Amino acid sequence: MMQKTHLSELVKEEKAREIFAKVFDLKTILALHRLADHGYFDFVEFVISTGKEAHVFRAQDHSGNYRAVKIYKTLTTDFKNMRSYIEGDLRFKEVKRDQRQLINQWTRKEFKNLEEFGRAGIRVPLPLAFNENILVMEFIGGENAAPTLRDKPPEDLGKTKAVVAKWMATMVEKAKLVHADLSEYNILNFEGQPVLIDCGQSVLTSHPKAKEFFERDVKNMANYFSKMGLKTSETEFLEQIRGFKKKP
Ligand SMILES: Nc1ncnc2c1ncn2[C@@H]1O[C@H](COP(=O)(O)OP(=O)(O)OP(=O)(O)O)[C@@H](O)[C@H]1O
Ligand SMILES: [Mg+2]
């Protein structure tokens, strides 16, 4: 009973509250309280996205700044697939057996990946905190979340393509990471500037499948830009990426 009263203070919108009641367990709700107690946000406002593995909400801190709160579902059906992106990543020597722990590990991995990408100079949401299966980060958008490249192709496609090519060179060279789910669905168009999101699956370049993932990322992006009318091929895009790499 007390929990419920609390939740309605923490989650303002009824629709969002319904999601919490249906999708998230007590541990998730407790973690949400913990993050709010630490001041990472004051309350959750509304749901931005309901994905297969995670839901993303807009939240507000006590000064009225917006935050994005990504909460991984603990009963996701896809968790077997998650394993293969943690196994082989040297930062995570022990892959958790327990599903819930595995998802917590995944959340921590997304936090770290965002840190690494940001440090390397790739535009990603600034990660602020994580607890259990909840990640708090910078909110990308104005009132609403910025649309994806899929929903709102950038006006200057050529420039966006060059930025993405540079990201891909930087990722490998500086961050030593491969995004591993790069596509027009995981890049936001924030006032014309691309912002990379959804970094939970990103792996170290030493991961046994890193090359395969990198090639898939190249293919997805080359396909997107050519679909949008730019003359481009995988080979050409790869050349552009190489052009951004430092010469030895
Ligand atoms: N930092 C952010 N600021 C604003 N909106 C965000 C942010 N992060 C995510 N979003 C919104 O939530 C959507 C989904 O986010 P994301 O791609 O990270 O998760 P997902 O694809 O649902 O994850 P999964 O596929 O693992 O379930 C994005 O398309 C965007 O609309
Ligand atoms: Mg996504």
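In this text, all values refer to a predicted model and were calculated from it rather than measured experimentally. In what follows, every heavy atom counts, from backbone to side chain, and hydrogens, waters and symmetry copies are set aside. Order of appearance sets the numbers: ligands from 1, and atoms from 1 within every ligand.
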Enumerated ligand 1 atoms positioned under 4.0 Å from heavy atoms of A145: 4 (C), 5 (N)

Cationic N near anionic O, under 4.0 Å, E236 to R242: no

Are the aromatic rings of F20 and F57 close, with centres under 6.0 Å apart? yes

At less than 2.8 Å, would any N/O/S atom of D198, backbone or side chain, sit next to the Mg ion (ligand 2)? yes

Using a 4.0 Å cut-off to any heavy atom of K70, which atoms of ligand 1 qualify? 16 (P), 18 (O), 19 (O), 23 (O)

With a cut-off of 2.8 Å, does N186 put an N/O/S atom close enough to the Mg ion (ligand 2)? yes

Nearest neighbour in protein (non-hydrogen) for atom 15 (O) of ligand 1: V56 CG2, 3.8 Å

Taking it one step at a time, do K112 and E110 satisfy salt bridge (charged side-chain N to carboxylate O under 4.0 Å, His left out)? CA-CA 5 Å; K112 286 187 167 215; E110 177 153 30; over 6 Å; no

When the aromatic ring centroids of Y85 and F213 are compared, is their separation below 6.0 Å? yes

Give the atoms of ligand 1, by number and element, whose distance to some non-hydrogen atom of E138 is under 4.0 Å. 1 (N), 2 (C), 3 (N)

For N186, take its heavy atoms, then give the atoms of ligand 1 lying under 4.0 Å from any of them. 17 (O)

In terms of atom number and element, which parts of ligand 1 are under 4.0 angstrom from non-hydrogen atoms of P125? 1 (N)

Heavy-atom contacts under 4.0 Å between E53 and ligand 1: side chain, backbone, both, or neither? both

Indicate the ring-plane relationship of F139 and Y66, choosing parallel, tilted or perpendicular according to the 30° and 60° boundaries. perpendicular

Side chain, backbone, both or neither: which part of I197 has a heavy atom under 4.0 Å from ligand 1? side chain

Hey, which atoms in ligand 1 end up nearer than 4.0 Å to a heavy atom of S49? 12 (O), 13 (C), 14 (C)

Indicate yes or no: does R58 engage E13 in a salt bridge with an N to O separation below 4.0 Å. no

Salt-bridge test for K227 and E184: reply yes if a basic N is under 4.0 Å from a carboxylate O, no otherwise. yes

Does any N or O atom in M137 lie less than 3.5 angstrom from one in ligand 1, N or O only? no

